[in-house]
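Only one structure is covered here, and it is reproduced in the block below.
Just follow the structure's listing: the first ligand is 1, and inside any ligand the first atom is 1. Not measured: the values here are computed from a predicted model.
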Amino acid sequence: MNSTLKQTLAQEIEAWRPRTKKLVKEYGDVVVDEVTISKVIGGMRGLKSLVSDISNLDPNEGIRYRGYSLQEVVDGLPKAPNSTMPYVEGLFYLLLTGKFPTKAEVENVVDEFAKRRVLPRYVCEILDAFPDYTHPMVMFSSAILSMSKESEFNRKYFKGNLHKNDFWDPTYEDALSLLAKLPNIASYIYNKLYLKGKPRFSDPNLDMGGNFAFLMHKQKPYDDVARMHFIVHSDHESGNVSAHTGHLVASSLSDVYMSTSAMLNGLAGPLHGLASQEVMKWLLDGIDIIGNDEPSEDEWRKFVWDKLNTGQVIPGYGHAVLRKTDPRYTLQRNFSKEFMSDDSIWKSVDKLYRIVPEVLKEHGKAKNPWPNVDAQSGVIQWHYGVREFEFYTVLFGISRAIGICANIIWDRALGYPLERPKSVTTEMLEKIAGIK
Ligand code: CMX
């Protein structure tokens, strides 16, 4: 082993395993939650039935990575030179080990990532073959799936002598090799679909955020925009569609490439990660329909009510778990206030922040009237010139893969089994309810 991250992770895993073993062996029959009919029919909302130590979502406080709030994470991780945001590679270290890395430890991970960035030629050929009208998420997911043949886990597993206790090791190698390539795949797609130029090669001296800005032909502070984006979207505990899909697929011992590709297909839904694309489209449509570049609060209020009265959701607002303003929204809002407060579309986002919660409360349906992460992330990309909003979910996907890979590595380290809940028929539920 030549990586500090891997050594630290190995120690953490050894120390953690007895805790999981003890819970299963000595406390396996302790009841954790109640399964009601509304939970069975209602998408298992809130049902405590998954374990993740990478992050946890408090309905009122929002996400905590390894127990730390987003602000503590941003303040505690080493920052890239001349940057206001930390290294994304440092976040990966924290998610995997629960420890804040030193600057030297992060630099080691930055080097590990940089070594693994080059895309296999066939990935570029596959991406080139897609028609230019393809949604970038389809290309992103397909490119990742195509790399399954690179899997170290598969190579060792199918050789037949990989001990279960060691499953995490080649999974870790796969995860690093995949995560390192994601910004390159994403920028290759962006280049093919929108810039139509020759794609750039990575700058080996730059970290993940800095290199992504370079690949996207962007100046400062886009490197910090990228770092912030990749950090805030990386994990949101285990039950959301993307994280749950990644975990579920990996539980059959499918490799990290297959699992990540699958989770991206869930992320691409409009009720999940596609919402930031939807928010941007909704905002621009609103400005167009209202017919004023900077609509007033009253004009926006009327627009929001018109949408609700025709049975539509307000994208970027509401959440299945959160019951307060999403701290990921707040962090991005603070950045926007500092760096782009004169942007006319951002001014509308800010007006909507004052209007929508009050309207949703009066409307009386949404359990959470407050904004989620997607209400703020697209307008930042728009401001810095990434205006093809179909691409926004790809950016979310780069980030979400970081959390999902960390989870899969730990799933394998702790020997979590194949996921296999039981389904029932409607008639069975009617019998349980005493109707039949
Ligand atoms: N606008 C209008 N109505 C909303 C609403 C919103 N933003 N959010 C919730 N509602 C409605 C629901 O449609 C539902 O109506 P019905 O009873 O008629 O079906 C009712 O309020 C209750 O829903 P809920 O329990 O508050 O919310 P859910 O857990 O079912 O759904 C979410 C959560 C995010 C899908 C929903 O709030 C929504 O559709 N928001 C807009 C899309 C969005 O921003 N998605 C991104 C979420 C973040 C992410 O995962 O990336």
Side-chain angles (χ1 to χ4, degrees), residues 36 38-47 55 57-60 62-63 70 137 229-247 263-283 285-286 300-301 303-333 349 352-381 389 392-404:
T36 58
S38 61
K39 288 196 174 169
V40 173
I41 295 180
M44 296 183 278
R45 211 54 110 257
L47 187 70
S55 72
L57 180 57
D58 181 274
N60 294 310
I63 193 65
L70 260 190
M137 280 300 275
H229 193 98
F230 296 158
I231 288 172
V232 303
H233 292 83
S234 65
D235 209 39
H236 222 222
E237 69 171 41
S238 246
N240 63 75
V241 170
S242 52
H244 191 189
T245 307
H247 165 81
M263 80 81 179
L264 287 169
N265 302 337
L267 192 72
L271 296 187
H272 193 15
L274 207 77
S276 81
Q277 161 182 334
E278 295 283 296
V279 169
M280 209 55 227
K281 189 173 173 308
W282 188 93
L283 274 168
D285 284 351
W300 274 122
R301 186 175 291 105
F303 184 76
V304 171
W305 270 116
D306 287 349
K307 291 284 170 189
L308 290 172
N309 290 337
T310 51
Q312 294 171 57
V313 295
I314 309 302
Y317 283 79
H319 200 273
V321 179
L322 275 170
R323 293 297 174 256
K324 284 273 164 66
T325 296
D326 191 335
R328 302 173 298 175
Y329 177 93
T330 309
L331 197 101
Q332 295 185 100
R333 181 168 190 267
V349 170
L352 287 161
Y353 181 45
R354 288 193 288 276
I355 297 163
V356 177
E358 156 208 318
V359 172
L360 283 178
K361 277 188 213 164
E362 202 181 324
H363 185 243
K365 267 192 173 183
K367 293 193 187 70
N368 173 30
W370 302 104
N372 61 59
V373 66
D374 298 311
Q376 187 73 225
S377 44
V379 69
I380 303 179
Q381 295 298 328
F389 37 75
Y392 294 170
T393 316
V394 173
L395 299 173
F396 193 159
I398 297 175
S399 173
R400 185 48 58 93
I402 297 170
I404 281 160

Query raised in the report: Right, does atom 23 (O) of ligand 1 have protein non-hydrogen atoms nearer than 4.0 Å?
Result: no
Requested in this report: Give the atoms of ligand 1, by number and element, whose distance to some non-hydrogen atom of Lys367 is under 4.0 Å.
Outcome: 25 (O), 26 (O)
Query raised in the report: Would you say Asp374 has any N or O atom under 3.5 Å from an N or O of ligand 1, going by distance alone?
Result: yes
Query raised in the report: For the atom pair NE2 (His229) and OG (Ser234), what is the distance rounded to the nearest 0.5 Å?
Result: 10.5 Å
Query raised in the report: ligand 1 versus Arg45, non-hydrogen atoms closer than 4.0 Å: side chain, backbone, both, neither?
Result: side chain
Query raised in the report: Does the protein put a heavy atom less than 4.0 Å from atom 50 (O) of ligand 1?
Result: yes
Report summary line: Ranked by distance from atom 1 (N) of ligand 1, the top protein heavy atom is Ile314 N, 2.9 Å
Report summary line: min-distance protein heavy atom vs atom 5 (C) of ligand 1 -> Ala366 CB, 3.9 Å
Report task. Among all protein heavy atoms, pick out the one at the shortest distance from atom 40 (N) of ligand 1; state its residue, atom name and that distance to 0.1 Å. Result -> Tyr317 O, 2.9 Å
Report task. Applying ring pair (Phe, Tyr, Trp, His ring centres under 6.0 Å), run through His272 and His236 and close with a yes or a no. Result -> CA-CA 12 Å; His272 193 15; His236 222 222; 8.9 Å; no
Report summary line: If you scan protein heavy atoms around atom 15 (O) of ligand 1, the nearest is Lys365 CD, 3.9 Å
Report task. Look at the side chain of Glu237 and the backbone N and O of Leu57, then say whether any donor-acceptor pair between them is shorter than 3.5 Å. Result -> yes
**Report entry** Atoms in ligand 1 flagged as close to Gly316, the criterion being non-hydrogen separation under 4.0 Å
**Finding:** 43 (C), 44 (O)
Query raised in the report: In ligand 1, which numbered atoms sit nearer than 4.0 Å to a non-hydrogen atom of Leu271?
Result: 39 (O), 45 (N), 46 (C), 47 (C)
Query raised in the report: So which of Asn240, Val241, Val313 gets nearest to atom 2 (C) of ligand 1, if we judge by its closest heavy atom?
Result: Val313
